[in-house]
Amino acid sequence: MKTNHPIILAISACLFASPVLLGQTYRDASAPVEDRVSDLISRMTLEEKVWQLNQAGFGNNRNINNIGEKLKHIPAEIGSLIYTDDDVTLRNAMQRKAVEDSRLGIPILFGYDVIHGFRTVYPISLAQACSWNPDLAREASRVAAREASGAGIDWTFSPMIDVARDPRWGRVAEGYGEDPYTNAIFAVGAVKGYQGDNLADEGTVAACLKHYIGYGASEGGRDYSCTDISDQAMWDTYMPPYQAGVKAGAATVMSSFNDINGIPATANRFLLTDVLKQRWNFDGFVVSDWNAVEQLVSQGIAADRAAAAAVALYAGVDMDMGSNAYGEHMVSLVESGIVSMDAIDASVARILALKFRLGLFEHPYTTEIPESQRVLLDSDRTTARRLAEESMVLLKNTDDVLPLRAGTTVALIGPMADNRGHLLGSWPGHGRDEDIVSVVDGLSQRIGNSKVLFSRGCDFEGTDTTLFAEALATAGKADVVVLCLGEKREWSGENASRASMELPGIQKKLLAALNRTGKPIVLVLTNGRPLILTDDEPYCSAIVEMWQPGIEGGNALAALLCGDVAPSGKLAMTFPRHVGQVPIYYNERPRARRDQGFYQDIPTEPLYPFAYGLSYTSFEYSDLGVEKQADGTFRATVRVTNTGSRDAAETVHWFISDPASSISRPARELKYFEKRMIPAGNSAVFVFDIDPVRDLAFVNSHGMPLFEAGAYIVSVNGQSVEINLAKQ
Ligand code: GLC
């Protein structure tokens, strides 16, 4: 209808601009999300709904474990894409195809593995846990979210919160260690760092708790294998981090590859629906791990892809990552009555709800800002350096060889000394070699090129000793050897199981040869898992576990070696003495005989236990006490005095033991920790307010809470005090 009448034009403009007047509630940003979801679903065809349940790969996929893209042509109606590039223009072009070419204009959700940084790469998560600074880790997640969202990412597949006690499993690098409480605390920090206060805000991304659940119990540390987890262990050990993450508002959860007692997580309705969605009221959506739906066939749970799709959807997997089993079979499964339309709608609703909460319908495109204005900002680098400094763990320091004295000449030796890429560890995001400060860079910058004599000594592996002679000669010219050894980044992470956790033979040979020079050796380790250092430790005057420290690793290590900062890291995962001890972790249940049953051939205790870490000063714990409060809580306090001459931070770990209960409890359970800087000669009083229900209760094998009267032991740094709970 053509008209120039101003009133008519004004009315038609209002009609067009106002979705409400047009009855398109889903386009009305002021409408409740649930109304927008139900309105949109009512307009969708079955095919359009099924596409929302699918995620495919898009961009230059460098993940060698996720190969074999099933979807050759990406339809405009696809629900989500794993976007592996950092090109905003390309991402917006794909989004424009969805918004403008599809019938309903439903935007795509772009996801990516931002595990420990996007372009500003931070220490690996296992290292972050050793910092015992979840607030700093949360800040790192916030920066990662800002960098990722600025590059067009709406959703990260992080945090990984799989409790793991088998260092043969390469993915221990990605989580927060062996303790449930530690993983829970860092899970909450990461979720809040990624998601901020409102997912619709700029600079936020949706989080994803993974890999739900029990993946860390992979048999023999072999990735993708089965797990046998008792119901009690499931509730005691593996559930707490997910419960905390869901409570913190995590937007999504990823189902894991492993089976649990014969039922794969991706086919496990009890865990995905009964527990996660119903008992915990999780209102986000579940995405499978990559190809995990199709893998139900190889796990012997489904005869073919169609059956796998039906089983996974019924279990509670809302989105199929990568296998396209949903895309290929779900329409016919509904048409044949095997899968109900209600089930489809329930999953589509969860996915659309997140898209509305992210504001994707109102702001589907990423503002294109020059990269130099949104990544690698100085403040981000500072965060990266601080987190790396606080993550490093001083394992040995005899004769106070550290910190290095001013004027010291250092022979900087080892394959890691001038390497950059391996400092990023697994899942390096879009980290680039040119962003990284290597050890040689950092140390030379800190003490001067003339004081750093570099010689590589050997390669990471192999048998070539031709560089030994030069390394030994270099050591002869120096006051101290700083020997940088460890793992290549591909030796940990996904699909990186290793039967031995020893350093490669050539590296051990170089260490032994350097030891014969008589020079003090400071061993610096870059690795993504606990290593077996039993043979190597005697050769070293000092050992620094640097982990994979991220782009500021060289600066952080230099600051620590030179005493600009005192080491404050403590282990979040036990270092075994021998691989034969695995699994070995601090919170085992008590033994039937406490003074028998030890190994006959080696000591039974680990080389370095959970929460172990040295400082450049010494701390004295005193005046441990506990007072019952009027409200029924107990206030435990301990005084910590810095008895040395250097300011340093100390983390106080508070453990609870329940020596007599209806179900045998772990000998010690971490229930609280706090890190504070204590100036030399000063002391600080640390407080743990014990809430009996939160800190003394536990769950049975059905996940039901038990709260029992009796004696409990509160312990800190080897000291303990008893509290008594009267019958309630
Ligand atoms: C991988 C990993 C998972 C990751 C996903 C997407 O196979 O198991 O952690 O988020 O696929 O890359």
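Both counts, for ligands and for their atoms, begin at 1 and track the order of listing. In this chain, residues are counted from 1 in sequence order. Values reported hereafter were calculated over all heavy atoms of this structure, with side chains retained and with hydrogens, waters and symmetry mates removed. If you're wondering where the values come from, they're calculated on a predicted model, not measured in any experiment.
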Side chain, backbone, both or neither: R171 near ligand 1, heavy atoms under 4.0 Å: side chain
May I ask you to check whether [X] and [Y] place their ring centers less than 6.0 Å from one another?
X	Y	value
Y112	F157	no
F118	H430	yes
Y194	W155	no

Got an N/O contact under 3.5 Å between [X] and ligand 1?
X	value
K210	yes
D113	yes
H211	yes

Under 3.5 Å donor-acceptor, R498 side chain and S492 backbone: no
Could you tell me which atoms of ligand 1, counted from 1 in the order shown, lie closer than 4.0 angstrom to a heavy atom of [X]?
X	answer
N66	1 (C), 5 (C), 6 (C), 7 (O), 11 (O), 12 (O)
M254	10 (O)
F157	10 (O)
N63	12 (O)
W290	7 (O), 11 (O)

Between ligand 1 and [X], can you find any atom pair, the residue atom being a heavy atom, that is separated by under 4.0 Å?
X	value
M160	no
F257	yes
N65	no

Sequence-distant partners of E371, salt bridge (Lys or Arg N to Asp or Glu O under 4.0 Å), two or more places apart: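 Applying salt bridge (Lys or Arg N to Asp or Glu O under 4.0 Å) to E371 gives R119, R432.
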Between [Y] and [X], is there a cation-pi geometry (under 6.0 Å to ring centre, at most 45° from the normal)?
X	Y	answer
R91	Y83	no
R171	Y215	no
R222	W169	no

Geometric class of the Y176/F186 ring pair [parallel <30°, tilted 30-60°, perpendicular >60°]: parallel
Protein heavy-atom partner closest to atom 8 (O) of ligand 1 - residue, atom, separation in Å: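 Scanning the protein heavy atoms, the shortest distance from atom 8 (O) of ligand 1 goes to D289 OD2, 2.6 Å.
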